[in-house]
Amino acid sequence: QVQLVESGGGLVQPGGSLRLSCAASGIIFSVYTGAWYRQAPGKQRELVASVSPGGQTYYADSMKGRITIHRDNAKNMVSLQMNSLKAEDTAVYYCGVSPGGYWGQGTQVTVSS
């Protein structure tokens, strides 16, 4: 059974930083693309960042330069370091892996003073 468990969300002030982590089980993570998505209230889920098995990364324009995605195949984990957070970054952040379309339960990130 595939499980993805996110952690690290919370409340942070504008300009602050958070590190999200996702622990994968039930898969050989090294052959999967790991990704982070987010969904703000009333909006569609959007891809924020991804990292391929070979280490190629993608970053959404909305967060490029402020985020770094990292995979640790030995630990079956993918993380997202987020800096200079803005109020518009407030959303539920989801970890996902592909192929297979597996998702975590999401972790809330709220950026507010």
Side-chain angles (χ1 to χ4, degrees):
Q1 182 181 358
V2 178
Q3 273 195 316
L4 301 175
V5 180
E6 300 102 334
S7 61
L11 173 64
V12 64
Q13 292 187 342
S17 298
L18 281 176
R19 185 177 181 87
L20 307 181
S21 296
C22 174
S25 60
I27 57 172
I28 301 173
F29 179 67
S30 61
V31 301
Y32 285 78
T33 290
W36 287 94
Y37 295 76
R38 69 182 182 183
Q39 188 166 19
K43 295 188 177 181
Q44 289 188 328
R45 189 173 298 189
E46 62 173 344
L47 176 63
V48 172
S50 66
V51 56
S52 72
Q56 289 182 308
T57 56
Y58 163 84
Y59 296 107
D61 287 343
S62 58
M63 298 196 79
K64 193 177 293 183
R66 300 188 291 122
I67 58 173
T68 304
I69 191 169
H70 175 72
R71 67 185 300 146
D72 186 334
N73 291 333
K75 295 182 178 179
N76 275 12
M77 294 189 71
V78 60
S79 61
L80 185 70
Q81 176 67 42
M82 303 189 294
N83 302 319
S84 302
L85 285 164
K86 306 174 182 179
E88 51 263 43
D89 296 322
T90 295
V92 178
Y93 285 71
Y94 297 89
C95 171
V97 296
S98 60
Y102 302 109
W103 298 93
Q105 80 287 353
T107 186
Q108 177 70 46
V109 171
T110 302
V111 185
S112 175
S113 55

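These numbers come from a predicted model, not from an experiment.
- For Gln108, the side chain to side chain contact (heavy atoms under 4.5 Å, CB included) partners at least two apart in sequence or on another chain are Thr90, Val92, Thr110.
- Here OG of Ser25 is found 7.5 Å from CG of Leu4. Values are rounded to the nearest 0.5 Å.
- The shortest heavy-atom contact between Pro14 and Ser113 is CD-N, 3.7 Å.
- Between Leu47 atom CG and Ser62 atom OG the span is 9.5 Å, to the nearest 0.5 Å.
- Listed by chain and residue number, Ile28, Asn73 satisfy the side chain to side chain contact (heavy atoms under 4.5 Å, CB included) test with Ser30 (two or more places apart in sequence, or in another chain).
- Among all heavy-atom pairs drawn from Asn83 and Ser17, the shortest one is OD1-OG, 2.9 Å.
- Residue Arg19 holds its CZ atom at 12.5 Å from CD1 of Ile67, rounded to the nearest 0.5 Å.
- Applying the side chain to side chain donor-acceptor pair (under 3.5 Å) definition to pairs two or more places apart or across chains, those involving residues 46-60 are Arg38-Glu46.
- Across every non-hydrogen atom of Leu80 and Ala49, the tightest pair is CD1-CB, 4.0 Å.
- Legend: ring pair (Phe, Tyr, Trp, His ring centres under 6.0 Å) pairs involving residues 11-44, not counting sequence neighbours, sorted by first then second residue: Tyr37-Trp103.
- Evaluation of the side-chain hydrogen bond (donor to acceptor under 3.5 Å, both in side chains) rule for Ser21 yields no partner, not counting sequence neighbours.
- Listed by first then second residue, pairs satisfying disulfide (SG to SG under 2.5 Å) with a partner in residues 12-113 read Cys22-Cys95, not counting sequence neighbours.
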Open item on the list: Could you walk me through whether Val51 and Val78 satisfy the side chain to side chain contact (heavy atoms under 4.5 Å, CB included) test, starting with their C-alpha distance in whole Å, then the side-chain angles of each, then the deciding distance to 0.1 Å, before giving a yes or no?
Closed with: CA-CA 9 Å; Val51 56; Val78 60; 4.1 Å; yes
Open item on the list: Assess the residue pair Ser79 and Ile69 against the criterion (side chain to side chain contact (heavy atoms under 4.5 Å, CB included)); give the C-alpha distance rounded to whole Å, side-chain angles, the decisive distance to 0.1 Å, and a yes or no.
Closed with: CA-CA 6 Å; Ser79 61; Ile69 191 169; over 6 Å; no
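- With sequence neighbours excluded, the residues satisfying side chain to side chain contact (heavy atoms under 4.5 Å, CB included) with Ser84 are Arg66.
- For residues 1-10, the set of pairs meeting the salt bridge (Lys or Arg N to Asp or Glu O under 4.0 Å) definition, not counting sequence neighbours, is empty.
- Val12 pairs by the side chain to side chain contact (heavy atoms under 4.5 Å, CB included) definition with Leu18, Leu85, Val111, not counting sequence neighbours.
- Taking every heavy atom of both residues into account, Thr33 and Arg71 meet most closely at CA-NH1, 4.2 Å.
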Task: Test side chain to side chain contact (heavy atoms under 4.5 Å, CB included) applied to Leu20 and Met82, step by step - done: CA-CA 8 Å; Leu20 307 181; Met82 303 189 294; 3.8 Å; yes
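- Heavy-atom minimum distance, Val97 versus Gly34: CG1-CA, 4.3 Å.
- Sorted by first and then second residue, the salt bridge (Lys or Arg N to Asp or Glu O under 4.0 Å) pairs involving residues 49-61 (not counting sequence neighbours) are Asp61-Lys64.
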